[in-house]
Amino acid sequence: MVWLHGFTQTKHSGHQFRSILAGSHTLITLDLPGHGDNASIGASLDETADLLAGALPREPFALGGYSLGARVALHFALRHPERLSSLVLLSTTPGIADEQERRARRLRDEALADRIELIGATAFLDEWLAQPMFSALPADPQERLARSTHAHGLATSLRLAGTGTQKDLTGALRRLTIATTVIAGENDPKFLNEATRLCEAIPHSHRHTVAHAGHAAHLEAPLDVASLVCESAL
């Protein structure tokens, strides 16, 4: 099983969640471009998918991801479907359908990238994690230490692979034949709606809602989310 982290996270994030997955699967995690050990690498979503294709096992594997990682997983599934046995998408989107909205998001991502480089990664992480969508995160010093701390890398990730750069994949996803599990937290209404969009587009997909959890459901309810992920990989 391969698990891809979210924006500002690294391969070391989600230690409780990962430990549960590793109890029943051979688990592979790695740093996405702009993050952790790969902070110096800049890549679009399609380029990231192809970089992963060169780094991951040739035999079919279960692929899952959270937020940014799930958007990368979608691109991998579309570009390299023969490599996957199953797909798990947590708190993510098939893309912004309206071009004007997508352009507005690109501009917001660019402004946020500028701010990261202006104030530095540590101050930015304080601001990022203070957002209402992360208000239910447990106080876990180990999780904070696992966040990426390279300002330019995070800024580059936003500029090249932010949500505003992503095309609406809804039409393309209709050709996927991979068994797909789509997960969102009960207290994350925006991504509950996005989960519905994904399931309407992907033929062999099932939606699951994690009770009493928000956007980072795998950090808020690691056992519940890990159980869903493990079931999907059977």
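Here, residue 1 is the first one in the sequence, and each next residue gets the next number.
The side chain to side chain contact (heavy atoms under 4.5 Å, CB included) test applied to A97 returns D168, R197, not counting sequence neighbours. Applying the side chain to side chain contact (heavy atoms under 4.5 Å, CB included) criterion to H12, with sequence neighbours excluded, gives T10, R18, A146. Contacts of E200 classified as salt bridge (Lys or Arg N to Asp or Glu O under 4.0 Å), with partners at least two apart in sequence or in another chain: none.
In this structure, CD in E47 is found 8.5 Å from CZ in R79, a value given to the nearest 0.5 Å. With rounding to the nearest 0.5 angstrom, the CG atom of L74 is 8.0 Å from the CG atom of L176. If you take CD on Q166 and CG on L68, they are separated by 9.5 Å, rounding to the nearest 0.5 Å. To the nearest 0.5 angstrom, H25 atom NE2 is 12.0 Å from W3 atom CH2.
Judged by distance alone, with hydrogens and angles left aside, the side-chain atoms of E194 form no donor-acceptor pair with the main-chain N or O of F191 at under 3.5 Å. Put simply, the side chain of S13 never gets that close to the backbone of Q9: no donor and acceptor are under 3.5 Å apart. R83 places a side-chain N or O within 3.5 Å of a backbone atom of L56 that can act as its donor or acceptor partner. Using a distance-only test at 3.5 Å, with no hydrogens or angles considered, no donor-acceptor pair links the side chain of R105 to the main chain of G164. No donor-acceptor distance shorter than 3.5 angstrom exists from the side chain of S91 to the backbone of A216, with no hydrogens or angles considered. Checked by atom type and distance alone, the side chain of T156 pairs as donor or acceptor with a backbone atom of H152 at under 3.5 Å.
Across every non-hydrogen atom of D188 and G214, the tightest pair is CB-C, 3.8 Å. Here the closest non-hydrogen pair linking I202 and I178 is CG2-O, 4.5 Å. Scanning both residues, L158 and A113, for their nearest heavy atoms gives CD1-N, 3.8 Å. Taking both residues in full, the closest heavy atoms of E186 and L192 are given as O-CD1, 3.5 Å, listed atom of the first, atom of the second, then distance. Shown here for L87 and A77, the closest heavy-atom pair between the two residues is CD2-CB, 3.9 Å. Residues C230 and S24 come closest through the heavy atom pair SG-OG, 3.5 Å.
Linking Ile, Leu, Val, Met, Phe, Trp and Tyr whenever their side-chain heavy atoms come within less than 4.5 Å puts L27 and L30 in one cluster. There is a path of hydrophobic side-chain contacts, each under 4.5 Å, that joins L112 to L45. No single ILVMFWY cluster, assembled from side-chain heavy atoms under 4.5 Å apart, contains both F61 and L51. The cluster map of Ile, Leu, Val, Met, Phe, Trp and Tyr, joined by side-chain heavy atoms under 4.5 Å apart, puts V182 and L84 in the same cluster. Put simply, L145 and L125 are part of two different groups of oily side chains (I, L, V, M, F, W, Y) that touch within less than 4.5 Å, one to the next.
Ion pairing of E99 with K167 is absent here, as no side-chain N (NZ or NE/NH1/NH2) approaches a carboxylate O to less than 4.0 Å. Under a 4.0 Å N-O distance rule, the pair R115/E127 qualifies as a salt bridge. A salt bridge between D109 and R159 is absent, with no side-chain N of the basic residue lying under 4.0 Å from a carboxylate O of the acidic one.
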Quiz prompt | Test side chain to side chain contact (heavy atoms under 4.5 Å, CB included) applied to L137 and E143, step by step | solution = CA-CA 10 Å; L137 282 180; E143 283 301 319; over 6 Å; no

Practice problem: Begin with the C-alpha distance, continue with both residues' side-chain angles, and end with the deciding distance and a verdict on side chain to side chain donor-acceptor pair (under 3.5 Å) for R71 and T92. | Solution: CA-CA 6 Å; R71 293 192 295 111; T92 202; 4.7 Å; no

Practice problem: Evaluate side chain to side chain contact (heavy atoms under 4.5 Å, CB included) for L228 paired with L90, printing each intermediate quantity in order. | Solution: CA-CA 10 Å; L228 291 171; L90 171 61; over 6 Å; no

Self-check item: Residue pair E220, H212: steps toward the side chain to side chain contact (heavy atoms under 4.5 Å, CB included) verdict
Solution: CA-CA 9 Å; E220 300 171 36; H212 314 299; over 6 Å; no

Practice problem: Please assess H15 against D140 for the test side chain to side chain contact (heavy atoms under 4.5 Å, CB included), listing each intermediate value before the final yes or no. | Solution: CA-CA 10 Å; H15 63 97; D140 187 340; 2.7 Å; yes

Practice problem: Decide side chain to side chain donor-acceptor pair (under 3.5 Å) for H80 and D50; before the verdict, give the C-alpha distance in whole Å, the side-chain angles of both, and the deciding distance to 0.1 Å. | Solution: CA-CA 8 Å; H80 306 282; D50 290 344; 2.8 Å; yes

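Side chains of L154 and H35 form a contact here, defined as non-hydrogen atoms less than 4.5 Å apart. Inter-residue side-chain proximity for M1 and L63 is flagged as unmet; no heavy-atom pair is nearer than 4.5 Å. At a threshold of 4.5 Å between non-hydrogen side-chain atoms, the residues V88 and T180 do not count as touching. Looking at L198 and R207, their side chains never come closer than 4.5 Å, going by heavy atoms from C-beta outward. In this structure, the side chains of F76 and L4 stay at 4.5 Å or more apart for every pair of heavy atoms. Between L89 and I183, every side-chain heavy-atom pair lies at or beyond the 4.5 Å cut-off. Annotation: side chain of T163 is in contact with side chain of I96 (closest heavy-atom distance under 4.5 Å). Between T181 and S86 there is no side-chain heavy-atom pair separated by less than 4.5 Å.
Each of L32, D31, N38 was checked for a side chain to side chain contact (heavy atoms under 4.5 Å, CB included) with K11, and the lone residue meeting it is D31.
Taking the six-membered ring where tryptophan is involved, the planes of F7 and W128 are perpendicular, since the angle between them exceeds 60° and thus also 30°. Classification of the F17-H218 ring pair by plane angle, with boundaries at 30° and 60°, yields perpendicular.
A 6.0 Å sphere centred on NE2 of H206 holds no more than 12 heavy atoms belonging to other residues, nucleotides or ligands. Shown here is R144, whose CZ atom has more than 12 heavy atoms of other residues, nucleotides or ligands within 6.0 Å. Heavy atoms from other residues, nucleotides or ligands lying under 6.0 Å from CD of Q100 number 12 at most.
Centroid-to-centroid, the aromatic rings of Y66 and H5 stay 6.0 Å apart or farther.
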